[in-house]
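Working notes, beginning with the structure itself.
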Amino acid sequence: MNVLYGLLQPDEGEIIVDGVPVTIRSPRDAINAGIGMVHQHFMLVPVFTVTDNVMLGHEPARGGPLGWLDRRRARREVVEISSRYGLRVEPDAVVEDLPVGVQQRVEIVKALTREVNLLILDEPTAVLTPQETDELLNVMRTLKDSGKSIVFITHKLKEVKAIADRITVIRRGRVVGTAPPDTSEEDLAAMMVGRSVILQVEKGPSRPGEPVLQVAGLVVNDERGQRAVAGVDLEVRAGEVLGIAGVQGNGQTELVEAIMGLRPVVAGTVALSGVPITGRRTKDILRAGVGYVPEDRSVDGLVKEFTVAENLVLDIYDRPPYGNGLLLRPESIVASAKERIGQFDVRTPSAEAAVGTLSGGNQQKVIVAREMSRPLKLFVAAQPTRGVDVGSIEFIHNRVIHERDAGTAVLLVSSELDEVQSLADRIAVMYRGKILAVVPPDTPREEIGLLMAGVTAGVDGRGTSDGKVEAAPEPESA
Amino acid sequence: MSTATVDDLTAVAEVRKFWTRDRKAGLVFTVLGVVAMGWFGALAPAETARFTLSEDASGAALEINGQLGAVLFGAIAAAAGVGLLTGAARRWLGQLMGLGIVCFVLSFLCWQVAGKFMPLVDTAAGSLELALPLILGAMAGVLCERSGVVNVAIEGQFLMGAFGAALVGTLAANAWFGLLGALVGGLIIAALLAVLSIRYLVDQVVAGIVLNLLALGLTGFLYERLMQTDAAKYNEPPQLPTWRIPGLAEIPVLGPVVFDTNPLVYLALALVVIIHFGLSRTRWGLRTRAVGEHPTAADTVGIRVLGTRWRNVLVAGLVAGAGGAYFTEVATGSFNKNMTSGAGFIALAALIFGRWTPVGAFGAALFFGFANKLATYLSATGSSVPSQFLNMLPYVATIIAVAGLVGRVRAPAADGKPYVKG
Amino acid sequence: GDAPDENNNAGGGGAKPASKYTACMVTDIGGIDDKSFNASAWAGIQEAAKEQTNIDPKYVASSSEQDYEPNLNQFVNQKCNFILAVGGLMADATKKVALAHPDQQFGIVDSVIPEASNVFPMQFDTAQAAFLAGYLAAGYSKTGKVATYGGLPIPPVTIFMDGFADGVAYYNQQKGKNVQVLGWDKAKQNGSFAQSFTEQAKGKAISDTFVAQGADVIMPVAGGTGLGTAAAAQQSGGKYSVIWVDQDGCNSAAQYCSTFLSTVVKNIKDAVKEAVVKGAKGEKLDASAGFIGTLANNGVSLAPFHEFDSKVPAELKSELDQVKQDIISGKIKVTSPAQPK
Amino acid sequence: MTATEQRETPEATLAREETFLQHFLHSLWAANTVTVTVLSIVLAVIVGGILIIVSDEDVLNTYSYFTARPSDALNASWDVVSDAYANLFKGSIVDPAAVQGWIDGSNGWQAVFSPISETLTYAAPLVFTGLAVALAFRGGLFNIGGQGQAVIGAITAAVAGILIPLPIVLAVTVAVVAGAAGGAVWGFVPGVLKARTGAHEVITTIMLNYTAGLFLTWIVLQRGVHDPDRTDAISKPVDSAARLPHLLGDGLRMNLGIVLAVAATWVVAWLLNRTTFGFELRAVGANPDAARTAGMSVTRTYTLLMVVAGALAGLGGATQVLGTAYALTPAVAGNIGFDGLLVALLGRNRPWGVLLAALLFGALRAGGNRMQSFSGISLELVTVLQALIVIFIAAPALVKAIFRLRAARAARLQTSVAKGW
Ligand SMILES: Nc1ncnc2c1ncn2[C@@H]1O[C@H](COP(=O)(O)OP(=O)(O)OP(=O)(O)O)[C@@H](O)[C@H]1O
Ligand SMILES: Nc1ncnc2c1ncn2[C@@H]1O[C@H](COP(=O)(O)OP(=O)(O)OP(=O)(O)O)[C@@H](O)[C@H]1O
Ligand SMILES: [Mg+2]
Ligand SMILES: [Mg+2]
């Protein structure tokens with residue numbers, strides 16, 4: 001897709017638009033050819049406002065050569081487009097302050113303002129609530145009806161089947177085949193991975209032991225000093241998986257970082273099997289038997305320049321047998337790395353290869369391998385399978401369950417509802433820094449979806465879907 | 001492996017909440033204020049300190065009893081500190097810190113000037129002149145770094161600019177041609193910086209530092225081979241004229257400082273304004289910042305990332321070149337080996353100190369110029385502090401300011417990162 | 001062109017015809033163009049070459065103090081007949097090399113090496129001439145304020161400032177006046193310094209401050225930095241005048257001659273010239289006697305007033321002559337901690 | 001970027017190579033560094049040669065009638081350039097004449113080793129300051145403060161050597177340690193400020209350079225330090241027991257400093273690759289966020305690494321004053337701090353690379369002296385040469401483009417790979 005959009009140059013082959021072969025050397029060629037793209041990794045300038053981001057590249061300007069920006073006009077355009085397609089965005093908000101779901105919409109608005117006739121969406125739904133996803137699918141339908149063609153890239157089989165007219169499966173840069181939308185999910189998955197996969201993680205019932213992680217009245221601020229976690233109480237018991245569902249940007253990140261001692265706690269306490277750990281150094285917390293898979297692997301999880309082996313000991317390098325307070329023992333580091341690479345089926349040229357050259361899935365496996373290869377009381381996993389291929393997802397899921405059955409308490413944070421539902425024993429839905437409810441995993445998607453959107457139903461959080469539904473304000477106005 | 005047990009956690013360190021940033025600041029200012037009252041106040045002779053509104057002793061003056069002033073302003077600084085300390089006025093953090101600093105400095109001045117006089121026009125003009133090359137250099141830095149190219153080569157651009165001005169100016173016997181030569185000089189280094197860091201992806205810091213050395217070597221070499229052999233022919237550039245703006249020049253203090261001076265000052269001030277609004281309000285600025293913050297995003301909307309960077313780096317070269325002209329066409333009448341002696345690095349510091357914003361960098365440069373001029377004033381009027389320590393003033397002051405007030409600064413996200421498609 | 005070129009054509013190192021007398025000079029880190037003693041010494045050698053055609057002058061510049069010893073050694077290897085080390089800080093290196101090559105003739109400016117009989121020392125009691133300058137400045141000043149500043153607070157610089165301050169004090173004492181000296185306090189040995197011998201901008205800033213404080217005669221003892229003062233004085237259009245140092249400003253910085261009231265001449269040029277010529281004539285240079293420049297032997301002096309000749313009142317001139325005689329006769333003692341010992 | 005580099009790794013492109021020759025050429029240039037380094041030096045030398053020619057009037061004159069009699073111009077050019085570089089070599093490696101002289105007894109063996117001795121003497125301090133910069137770079141900090149740290153190191157070392165009378169071995173040890181300690185303090189300040197307040201190390205180190213220089217000019221003149229029977233700004237000489245012993249007899253300046261320098265290189269290499277601190281340092285340098293998430297203390301690492309860097313630079317100053325100068329003067333530290341920046345860049349911030357780079361720069365300085373004095377070529381030319389060499393080595397693609405070897409594009413991407421992200 002990057003090639004099609006002019007970000008990468010093809011080694012060979014040609015691109016044909018409306019029957020005419022075109023050469024696309026840069027995105028501007030693509031735009032001229034009527035191609036628009038919503039990138040998997042957002043292409044928004046974080047410190048700019050929504051309007052600035054949308055107008056960037058084709059700014060309305062006065063004063064001729066001076067190029068004096070006409071922000072008022074750009075703003076009108078944003079409002080106009082977003083209302084026409086029902087994409088609610090706040091034109092003057094600064095992008096880095098917006099929840100990912102909203103940034104997603106900004107991306108689409110951005111593409112639409114350059115009236116395109118082919119729109120590429122690369123995994124747009126990864127960060128949306130089921131409702132938001134449905135909305136998006138509707139938007140896509142309206143676009144389709146208004147005569148635009150859409151390429152919709154996703155890992156989520158339900159969605160393809162729901163919207164696509166034709167499904168093409170690509171693996172490792174090759175087209176594996178094309179299928180009609182009515183193909184079964186199992187078959188599609190098999191095509192994607194090259195072998196049949198079990199989509200449902202099969203797990204026995206959990207045998208919760210005594211509480212391991214206890215969070216009480218936790219209040220945490222984000223970088224900009226705004227409340228991100230507004231009084232969270234939760235408890236994870238040994239041998240159970242507590243899943244935290246919620247749209248990104250509702251405080252999950254801050255919650256986890258506070259638990260890990262990476263972020264100052266404003267109020268409240270965090271206790272690990274009875275011992276308060278609030279304000280302790282991350283090192284101590286990790287040492288106390290906590291495993292942590294951070295949300296963003298390339299920023300917080302790995303040192304890309306380091307070898308796989310080094311990354312596998314990133315948080316225990318100074319412990320025997322890898323080192324003592326002073327010295328490092330490269331031999332034993334490499335040795336155990338080889339072992340780990342086998343156990344966790346990391347696909348890498350060698351233990352000495354730089355982690356940066358591995359694929360997303362395999363990078364993720366390196367982190368999981370690191371965190372799971374020491375005795376754990378608590379395992380905290382944030383978005384453990386984001387941007388990871390189905391094969392790796394399956395593997396990681398099984399390891400998590402295995403860890404749970406070994407008696408570890410697991411705190412799983414994910415914006416993929418399917419993932420939470422298939423792994424968790426209890427699901428806590430988080431919205432605007434609060435836990436709205438804790439529900440069993442078999443609760444219907446729609447209901448959890450509503451909770452994720454801030455709609456609390458009924459009296460007790462056990463959301464039996466009767467009872468009046470009071471709506472909460474829109475997430476992005478947060 | 002992990003032999004750690006929960007036991008090493010039982011000793012709980014509770015989270016410290018009292019000493020917030022503004023409380024700390026408050027404490028510092030309270031202490032400073034008290035010091036000023038006690039120490040400066042005690043040492044200051046009870047004679048009047050005259051701050052004349054002219055270039056010398058003549059004319060009207062603001063007068064205050066030195067001792068009184070020292071104590072008074074010290075007290076105000078302390079008050080500001082207490083305000084913060086009690087957390088009563090934390091909303092005014094910025095303003096109060098500003099007030100505290102100003103009053104502390106004033107208290108110090110009252111002590112030093114007591115029984116003497118300080119000509120404000122001369123002080124202001126001197127500060128501005130010492131700041132002038134720093135301002136231009138910092139603006140060059142802003143232009144480069146906002147588009148994502150680190151510019152450590154300001155020093156080299158100064159040097160080539162100064163050399164170009166001296167050589168061309170002398171040969172053409174015309175100050176304006178000299179200025180032209182300066183622009184070219186700066187442009188050459190800028191172009192090299194662009195080629196190396198944009199085209200050949202050389203680490204930008206490496207490129208910058210090496211270009212400084214190259215400029216030093218080249219100018220030094222040519223100086224020996226050319227200028228030294230016949231100064232009259234190659235190294236006596238005419239000076240830039242002084243432009244007096246009628247009317248405005250009459251304004252007390254400000255007038256003579258800002259409106260009766262050399263063209264470079266006007267250029268510098270204009271650039272600060274232009275770049276400030278240019279960055280925030282024009283298409284050029286929006287795209288420049290986009291390229292400096294998130295080049296890929298800029299690329300995906302059809303902005304020529306490398307082109308933008310090239311243009312900005314070259315323009316920056318011109319600006320820094322003009323800064324170089326200051327050395328040979330304003331401050332002095334001839335080029336000299338390594339005559340910029342590190343000004344480019346100070347400009348770099350001012351840029352960072354000013355958080356990569358035109359106005360901030362301008363302020364930082366002025367701050368440095370003032371501290372420098374103040375040191376000169378104190379040693380000239382017979383301060384008892386050894387000259388070496390007086391001359392440390394600007395540097396130490398900068399460190400304190402950066403550590404105490406500015407703190408963490410955030411460079412443009414893509415600053416220093418070469419851009420490769422894909 | 002430069003000496004080195006001539007040397008190029010001579011085809012680099014190796015022995016020279018016996019008749020030739022190569023006078024080789026090693027500059028200190030100030031470089032050949034320091035507008036100060038390196039320049040003066042080089043001028044001396046070149047004049048010598050004009051006078052004695054068999055003298056072949058050349059120099060090397062030192063870029064760091066580490067270079068002194070190798071540079072001296074290189075010249076020994078080149079079989080230079082006379083090797084001149086310029087600057088007191090070169091004393092240690094010179095001593096070492098000289099002792100290692102006892103039959104090689106050396107000379108050194110601003111220092112003396114008693115242990116080595118083959119090093120001809122040339123020193124200068126600059127304070128004497130600076131004393132005259134101080135008297136002149138005090139007498140010439142209309143505002144009753146005169147100023148001086150240095151490049152670095154180091155003895156070779158402060159010796160000028162000491163003499164200057166004493167001269168002013170003597171004037172005040174004679175005339176019962178109260179002319180102030182800005183920028184130097186002899187008792188405290190503390191004052192204004194640019195902390196650089198090249199940063200002309202700083203020189204200008206300092207002199208602006210002096211002028212603002214009312215000074216109308218300024219003596220910069222700061223090599224190239226002083227040019228900042230001269231340039232500013234020129235722009236100020238005669239608002240104040242400058243007393244230059246080392247070489248007569250109207251020769252070494254001719255473009256600013258109109259601003260130079262006079263110059264405290266440290267006559268390195270003639271001293272070096274004389275030594276080299278002597279050597280070239282084959283005469284022996286007596287290291288034990290050496291050369292100490294004083295007003296008496298014109299080794300230090302006050303330069304002509306050039307464009308100010310008409311502006312300096314006659315009786316001031318005659319007083320200056322008197323003071324000069326008194327210094328020579330010892331009636332007036334000029335003292336400075338930085339004087340040659 | 002990762003992506004594209006991946007795609008352009010030699011292996012990937014190799015597939016497209018047809019003939020064996022191309023294959024051969026390819027792998028030759030793929031194994032870039034060595035060849036590029038050599039070519040870079042060659043290029044620099046060529047450019048330098050051109051500068052020599054154009055700056056020599058007499059040679060230029062011969063070009064005025066080039067068409068008439070080119071031989072003159074060419075011979076003249078060749079003579080002046082070859083003479084210059086011959087002297088550069090004789091001054092830094094060995095002078096054949098001296099060897100001859102030794103054989104037929106007209107001069108002692110010292111003359112033979114003096115060039116190499118000079119080279120090593122100049123190199124020693126540069127190794128230390130270079131390491132100081134390189135280490136900081138690896139930890140993600142840009143330490144422009146090598147100069148100031150070296151100055152303070154020189155001061156403390158000298159003062160210890162002057163004021164503390166001790167027996168031979170002890171004295172020199174104490175002085176050297178004092179030097180390291182002084183530098184460490186001067187490195188600690190920006191380190192701790194960066195860690196605690198986030199003050200940008202570029203600003204603080206620049207300012208501290210000036211501060212250190214001013215402090216030096218002050219202390220040199222203080223009673224007890226200043227040499228009372230000198231009328232110059234120079235301290236008393238360092239007690240002979242505290243001086244770094246000469247290795248080849250007192251005739252040659254080469255001293256223990258270079259040995260210490262090699263040792264320091266080894267220690268730094270060991271520190272980086274074999275210790276947990278080195279691991280933390282590299283992790284923090286490459287990705288502070290990940291390091292922090294993995295429980296490392298970024299602030300502690302910054303502080304500690306600046307202390308070590310400062311100590312190294314301090315040692316540089318110490319070798320200067322204890323090895324060659326023997327007394328404090330305002331310019332005793334010369335420019336070693338700033339030269340250290342280039343040495344580090346040239347050595348690609350790898351310890352042994354730094355050592356080699358320092359040796360090259362030392363040779364240029366030593367040879368430069370002879371080149372100036374025998375061929376009358378300005379020392380500035382040496383500066384230009386140094387700059388050119390670093391430029392070319394930093395931009396292999398440029399070198400290759402100039403030598404028209406392989407598509408610059410592929411090479412270009414190798415640069416960034418070679419830069420070792
Ligand atoms: N042409 C290529 N040359 C070199 N390496 C390649 C190439 N194509 C893919 N790779 C490597 O294979 C990895 C897999 O690519 P990519 O991540 O796009 O596939 P993926 O299916 O997303 O991987 P994963 O499923 O693990 O996320 C890439 O990270 C890259 O390191
Ligand atoms: N041909 C390639 N060569 C090198 N790296 C590659 C290549 N293709 C992809 N990669 C790397 O693999 C990672 C995943 O790439 P990318 O996300 O484009 O693949 P993808 O198929 O879109 O994966 P996903 O399906 O998870 O979106 C990125 O780090 C990218 O840089
Ligand atoms: Mg993708
Ligand atoms: Mg992938």
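Chain identifiers are assigned alphabetically (A, B, ...) following the order of the sequence lines, protein sequences preceding nucleic acid strands; residue numbering begins at 1 within each chain.
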Check Lys304(A) with Glu310(A), please: is the shortest side-chain N to carboxylate O separation under 4.0 Å? no
Chain D contact via Tyr317(A) - side chain, backbone, both or neither, heavy atoms under 4.5 Å: both
Turns out that what part of Asn311(A) lies under 4.5 Å from chain D's heavy atoms comes down to neither
Where does Leu302(A) contact chain D at under 4.5 Å (heavy atoms): side chain, backbone, both or neither? backbone
Would you mind reporting whether Ile259(A) and Leu411(A) have side-chain heavy atoms less than 4.5 Å apart? yes
Partner chain D: residue of Asp318(A), Val299(A), Asp296(A) with the largest heavy-atom pair count (under 4.5 Å): Val299(A)
Short question: side chain of Gln363(A), backbone of Leu358(A) - any donor-acceptor pair under 3.5 Å? yes
Any side-chain to backbone donor/acceptor pair from Arg263(A) onto Asn221(A)? Under 3.5 Å, distance only. yes
